[in-house]
Amino acid sequence: GEDVEQSLFLSVREGDSSVINCTYTDSSSTYLYWYKQEPGAGLQLLTYIFSNMDMKQDQRLTVLLNKKDKHLSLRIADTQTGDSAIYFCAGDRAGGSYIPTFGRGTSLIVHP
Amino acid sequence: NAGVTQTPKFQVLKTGQSMTLQCAQDMNHNSMYWYRQDPGMGLRLIYYSASEGTTDKGEVPNGYNVSRLNKREFSLRLESAAPSQTSVYFCASISIAGVSYNEQFFGPGTRLTVL
C-alpha cells in the first residue's frame, strides 16, 4: 500500500511563499492530492495532479511532481493568515481504485 | 463541506456502550468512506463503500461495522466502544465518473470520546 510522509510543521511570514513537501512510496498512484483542513472542520480538496504531469498551477497554488524521486510539493504564493491550516497530501492506492491514503499532515502557521 | 452531513457532531460514551454514526450525501455519489483522525496520525480509512450494496474494510476496521443503507447513506457502528476509539470520525463522499476526481466532499466530523 501507499505510504505518504510529510514534515509536521511549517512557519512562514505573511506575503512569503510556502512550500509544503511530501514523499510517497507507491509509484502506481494515478492521482496525487492536496487537502486543507481548517481547525474544527473536515478536509477540503485543494488540488490534484495526474501522475503523468510534472506541474499544475491553480491561482496561488502550484503543485510539482517529481516521479523519479516520488516527491510532491505544494507551493502557496503570497501566503495569507487565512492559509493557516493543516495540509495533507494523499495518493491513490495501488490498483487504480480511488482510496486515498493520507500523510500525517503539515501544520502551516502564517504570522504577520 | 457542502453536501455531506454527519450526526452527531459530538458524543461521549462509556466503555462498552454502542452507537451508530450517521452520514448522508445528496450529490448522488457512488463512493462513500469512513475515516478516523487521531492527533499526529493523519486520516486512516476504516471502511469504504464503492457503490450501493458493497462495503470493504480499510486500514483499521476492527471494532467497527458499516452499513450502506442506500446510495445516500453510509453508517458506522461501534458495537462495544473502547477508549482506543476516541477520535474524530469523518465521512467522505466522492464521485468517480471519468475526470470528476475533483468531486470530493468531507463531512464536518463527529468528535467521539469513550471514557
Side-chain angles (χ1 to χ4, degrees), chain A residues 1-9 20 22-26 29-53 56-59 61 63 72 85-107, chain B residues 1-7 9-10 21 23-25 27 29-51 54-61 87-111:
Chain A
E2 178 79 272
D3 282 325
V4 179
E5 296 289 336
Q6 298 178 242
S7 53
L8 293 182
F9 299 99
I20 303 171
C22 171
T23 57
Y24 61 95
T25 58
D26 190 348
S29 292
T30 306
Y31 289 89
L32 294 145
Y33 306 84
W34 283 104
Y35 297 82
K36 177 183 181 182
Q37 184 181 33
E38 296 182 357
L43 273 70
Q44 172 195 358
L45 178 66
L46 281 179
T47 187
Y48 65 96
I49 188 167
F50 191 52
S51 59
N52 69 353
M53 297 169 65
K56 180 179 180 181
Q57 186 149 3
D58 185 358
Q59 299 182 332
L61 305 179
V63 179
L72 182 73
I86 302 176
Y87 291 80
F88 293 91
C89 67
D92 289 313
R93 270 192 194 176
S97 57
Y98 178 74
I99 305 173
T101 300
F102 291 87
R104 296 187 175 195
T106 298
S107 249
Chain B
N1 300 328
V4 178
T5 58
Q6 288 185 238
T7 55
K9 285 188 168 53
F10 300 93
L21 282 65
C23 174
Q25 52 95 5
M27 296 165 289
H29 287 170
N30 288 319
S31 299
M32 298 183 73
Y33 305 75
W34 276 106
Y35 286 90
R36 61 177 287 172
Q37 183 179 29
D38 302 298
M41 294 293 292
L43 273 74
R44 292 182 291 170
L45 182 66
I46 305 171
Y47 272 93
Y48 67 100
S49 170
S51 60
T54 68
T55 61
D56 285 286
K57 294 179 181 179
E59 183 185 354
V60 288
S87 189
V88 182
Y89 292 85
F90 289 102
C91 175
S93 165
I94 296 168
S95 169
I96 300 179
V99 297
S100 297
Y101 278 90
N102 59 342
E103 291 190 18
Q104 303 184 20
F105 295 94
F106 281 75
T110 295
R111 283 148 184 82

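Labels below follow one simple rule: chain letters A, B, ... track the order of the sequence lines, proteins then strands, and each chain is numbered from 1.
- Interface remark: A:Y35 contributes side-chain atoms only to the contact with chain B (heavy atom separation under 4.5 Å).
- With a 4.5 Å cut-off on non-hydrogen atoms, B:Q37 touches chain A through its side chain but not through its backbone.
- Rounded to the nearest 0.5 angstrom, B:Q104 CD and A:Y48 OH are separated by 9.5 Å.
- Contact of the A:Q37 side chain with the B:F106 side chain is not registered, since no non-hydrogen atoms from C-beta on lie closer than 4.5 Å.
- Take A:D58 and apply the salt bridge (Lys or Arg N to Asp or Glu O under 4.0 Å) test, not counting sequence neighbours, and it matches no residue.
- When the shell of 6.0 Å around CZ of A:F50 is examined, it contains more than 12 heavy atoms from other residues, nucleotides or ligands.
- Between A:P100 and B:Y33, the shortest heavy-atom distance links the atoms CD-CE2, 4.5 Å.
- Every residue two or more places apart in sequence or in another chain that forms a side-chain contact (heavy atoms from CB on, under 4.5 Å) with B:S49 is listed here: B:T54, B:T55, B:R68, B:F74.
- With a 4.5 Å cut-off on non-hydrogen atoms, B:R44 does not touch chain A at all.
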